[in-house]
Amino acid sequence: MPLRLATWNINSVRLRIGLVAKLVDEHAPDVLCLQETKCADDHFPLNDIRKLGYAHVAIHGQKGYHGVATFSRFPFVTTAKERWADKDDARHLATTFAAGPLEGVTLHNFYVPAGGDEPDPTINPKFAHKLQFVRELHQWSERIAETDARIMVGDLNIAPDPSDVWSHKQLLRVVSHTPVETEGLDAMRLAGRWVDAVRAHVPHPEKLYSWWSYRAADWEASDRGRRLDHVWASEDVAARSTGVEILKAARGWDRPSDHVPVIVTFG
DNA sequence: ATGGTCGCTAAGCGA
């Protein structure tokens, strides 16, 4: 029985709980990771989540900003809510499956800082913070490089390759696709022996996006997207991934998130 | 050309 794992930057879980239900109704993920829930833990709509069939939940939120949540039809234990880049932001949640097809696998759910607009860490503290976060992800990846049975998903806020953006040239100085970010993410992936489970099924140079700006007059016509949302795995787990879907249609749902769900199936 | 739109929480910030 395969397992379907979805990751989605929902941009407010309370505003879009109906879209979460729509995703579950139409695509039936067994495991669902959300980012940017923007909701303190005591206000999280957990009853709705349980009604959707997720008996196992882990939430790590804060009021108004950031926030990550992991739901599963299979049992897990929460193993970490780490502190990153010298801030108490709710940007990481680790869970380890106790049963089911991914028993023993640790799932890391991340929301990497966006980094502001100015791609210069000396004048933009938000960009400096993002780069520090990526450096810490690199160091963490090095520490766990020899371990198996791991997945990391989430909004990494970096589109690493030219085929992950609508225009490589026009985005080279735009935060999310600057060389210091894309090289930093590549170095982290190599240091951790991570496999990009999405690109394993849709190789470069096919264009692939998971985010389209709210500011476009017509997001679909202009199609100026970026692939900011990722599913990576250690080699043993990646070898079990059998397919991927990026739900572009979700960008056209009523009052959508600017990100769409990414679903990877594991056999 | 240097915007444009969202969501939070109540004018401005973060994305």
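Each chain gets a letter, A, B and so on, in the order the sequences are listed, and its residues count up from 1. Being a predicted model, the structure only gives us computed values, none of them experimental.
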**Asked** Angle class for the A:W140/A:H108 ring planes (parallel below 30°, perpendicular above 60°, tilted otherwise)?
**Response**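 Plane angle over 60°, so perpendicular.
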
**Asked** A:H129 vs A:F133 aromatic rings, parallel, tilted or perpendicular, using cut-offs 30° and 60°?
**Response**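 Answer is perpendicular, since the angle exceeds 60°.
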
**Prompt:** Given the P atoms of B:dG3 and B:dC13, what is the spacing between them in whole Å?
**Reply:**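 To the nearest whole Å, 16 Å.
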
**Asked** For atom C1', what is the distance between B:dA15 and B:dG4, given to the nearest Å?
**Response**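 14 Å, rounded to whole Å.
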
Roughly how many Å is it from [atom1] in [X] to [atom2] in [N], rounded to a whole number?
X: A:N9; N: B:dG7; atom1: CG; atom2: P; value: 12 Å
X: A:K38; N: B:dC6; atom1: NZ; atom2: P; value: 13 Å
X: A:R215; N: B:dC6; atom1: CZ; atom2: P; value: 11 Å
X: A:D89; N: B:dC13; atom1: CG; atom2: C1'; value: 14 Å
X: A:R173; N: B:dT2; atom1: CZ; atom2: P; value: 19 Å
X: A:I10; N: B:dC8; atom1: CD1; atom2: P; value: 11 Å
X: A:F127; N: B:dA15; atom1: CZ; atom2: C1'; value: 15 Å
X: A:K63; N: B:dA10; atom1: NZ; atom2: C1'; value: 11 Å

**Item:** Salt bridge flag under 4.0 Å for residues A:D89 and A:K87
**Value:**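 Salt bridge between A:D89 and A:K87, a charged N being under 4.0 Å from a carboxylate O: no.
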
**Asked** Salt bridge check: are A:D41 and A:K63 linked by an N-O gap of less than 4.0 Å?
**Response**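 Salt bridge: no.
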
**Message:** Just to be sure I understand the rule, does A:H259 reach a base, reach only the sugar-phosphate, or reach nothing, if contact means heavy atoms closer than 4.0 Å?
**Reply:**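 Touches nothing.
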
**Asked** With a non-hydrogen cut-off below 4.0 angstrom, is A:R16 in contact with a base, only sugar-phosphate, or nothing?
**Response**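 Counting heavy atoms under 4.0 Å across all strands, the contact made by A:R16 is with sugar-phosphate only.
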
**Message:** Strictly below 4.0 Å: does A:R14 bring a side-chain N or O up to OP1 or OP2 of B:dG7?
**Reply:**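 Result: no.
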
**Message:** Go nucleotide by nucleotide along DNA chain B from the 5' end; which of A:N157 and A:N11 gets its closest nucleotide reached first?
**Reply:**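 Taking each residue's closest nucleotide, the earlier one in sequence belongs to A:N11.
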
**Item:** Comparing A:G64 and A:D258 on DNA chain B - which has the more 5′ nearest nucleotide
**Value:**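 Between the two, 5'-proximity favours A:G64.
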
**Request:** Only counting residues at least two apart or in another chain, list the ones meeting side-chain contact (heavy atoms from CB on, under 4.5 Å) with A:E136.
**Result:**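 Only A:W84, A:A85, A:Q132, A:Q139 meet the side-chain contact (heavy atoms from CB on, under 4.5 Å) criterion with A:E136.
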
**Item:** Among B:dG14, B:dG4, B:dG7, the one nearest A:K126 by side-chain distance
**Value:**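 That would be B:dG14.
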
